[in-house]
Amino acid sequence: MNYNQDFKKIDFKLHPELYRVGKGEQGVLLVEPYKSELLPLWRFKNEELARASSKALFEAFNKYNKDMDFAGMDMARKYLQMGYTRARRYANHRSGKKYLGEIPKNLKGVSGAHGRSQLPLDLDLEKAACAEIFKKVWDKVELNHVYKDLKKEWKLWYG
């Protein structure tokens with residue numbers, strides 16, 4: 001993901017050649033107009049919301065697929081993945097906080113423990129169920145042959 005781009009000024013539907021897949025969920029909260037289209041669909045508070053959210057994100061994925069909009073497909077995949085990872089975080093740590101202590105100011109926004117101890121598990125079985133709901137849909141997206149082929153080509157064309 002090229003974080004040197006001016007994400008506030010780029011419309012990635014108009015300029016899909018500027019979109020980069022990145023790793024995991026990179027760019028999920030930056031790439032417009034997809035962020036504005038998908039973020040309102042993303043919910044994991046309980047199983048009912050997770051089911052509705054994953055279904056809505058999968059429908060968005062299918063619409064982007066029909067339109068051969070790879071950036072949209074990949075962004076929908078990222079929101080499904082983020083549904084899984086965030087629900088898993090809360091499944092293991094009800095507070096959503098995984099580590100003890102504050103992040104040093106010079107490391108804000110950088111992932112990792114940064115020498116902090118991990119908090120003990122405080123399990124939430126409903127959030128674990130939410131994570132599994134997202135994981136099943138995310139797996140379906142990853143197996144979609146159009147998505148897989150476009151992703152491979154995209155990486156060849158644009159890196």
Value rounded to 0.5 Å, distance of [atom1] in [X] from [atom2] in [Y]:
X: Leu41; Y: Glu59; atom1: CG; atom2: CD; answer: 9.0 Å
X: Arg77; Y: Asn144; atom1: CZ; atom2: CG; answer: 12.5 Å
X: Leu125; Y: Glu47; atom1: CG; atom2: CD; answer: 9.5 Å
X: Asp124; Y: Cys130; atom1: CG; atom2: SG; answer: 8.0 Å
X: Leu156; Y: Lys152; atom1: CG; atom2: NZ; answer: 9.0 Å

Side chains of [X] and [Y]: does their closest heavy-atom pair fall under 4.5 Å?
X: Lys35; Y: Leu30; result: no
X: Lys151; Y: Glu142; result: yes
X: Met73; Y: Asn62; result: no
X: Met68; Y: Leu150; result: yes
X: Met82; Y: Phe134; result: no

With Leu80, the side chain to side chain contact (heavy atoms under 4.5 Å, CB included) member among Leu57, Asp139, Thr85: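 It is Leu57, the one option of Leu57, Asp139, Thr85 that forms the side chain to side chain contact (heavy atoms under 4.5 Å, CB included) with Leu80.
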Tyr3-Val31 co-clustered via ILVMFWY side chain contacts under 4.5 Å: yes
Same apolar cluster: Tyr158 and Ile10, side chain cutoff 4.5 Å: yes
Salt-bridge criterion met for Lys136 and Glu132 (N-O under 4.0 Å):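 So Lys136 does not pair with Glu132 through a salt bridge.
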Residues Glu48, Arg43: salt bridge by 4.0 Å N-O rule: no
Lys NZ or Arg CZ of Lys135 over Trp138 ring: under 6.0 Å, within 45°: yes
Lys/Arg cation over aromatic Phe58: Lys140, 6.0 Å, 45° cone: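 Checked: cation-pi criterion met.
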Verdict with supporting geometry, Arg86 and Glu25, salt bridge (charged side-chain N to carboxylate O under 4.0 Å, His left out): CA-CA 11 Å; Arg86 296 310 183 279; Glu25 302 159 18; 2.7 Å; yes
Output field: ring centroids Tyr147/Phe70 closer than 6.0 Å: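 Ring centroids of Tyr147 and Phe70 are less than 6.0 Å from each other.
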Side chain to side chain contact (heavy atoms under 4.5 Å, CB included) between Tyr90 and Phe44, worked out: CA-CA 10 Å; Tyr90 283 89; Phe44 63 95; 3.7 Å; yes
Distance-only polar pair, side chains of Glu37 and Tyr79, donor-acceptor under 3.5 Å: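 Result is no, nothing qualifies.
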Distance-only polar pair, side chains of Asp74 and Tyr19, donor-acceptor under 3.5 Å: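 The criterion, which ignores hydrogens and geometry beyond distance, is satisfied for Tyr19 and Asp74.
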Heavy-atom pair with the smallest gap, counting every atom of [X] and [Y]:
X: Gln5; Y: Asn2; value: NE2-O, 3.2 Å
X: Leu38; Y: Ala60; value: CD2-CB, 3.6 Å
X: Asn46; Y: Glu126; value: CB-OE2, 3.3 Å

Result of checking Tyr64, Phe61, Phe12 against Tyr34 for ring-ring contact (aromatic ring centres under 6.0 Å, His included): Tyr64
Sub-3.5 Å donor-acceptor pair from the side chain of [X] to the main-chain atoms of [Y], do we have one?
X: Lys55; Y: Ala50; value: no
X: Lys127; Y: Lys45; value: yes
X: Lys78; Y: Gln26; value: yes

Derivation of the side chain to side chain contact (heavy atoms under 4.5 Å, CB included) call for Gln118 and His93: CA-CA 10 Å; Gln118 188 167 326; His93 305 280; 3.8 Å; yes
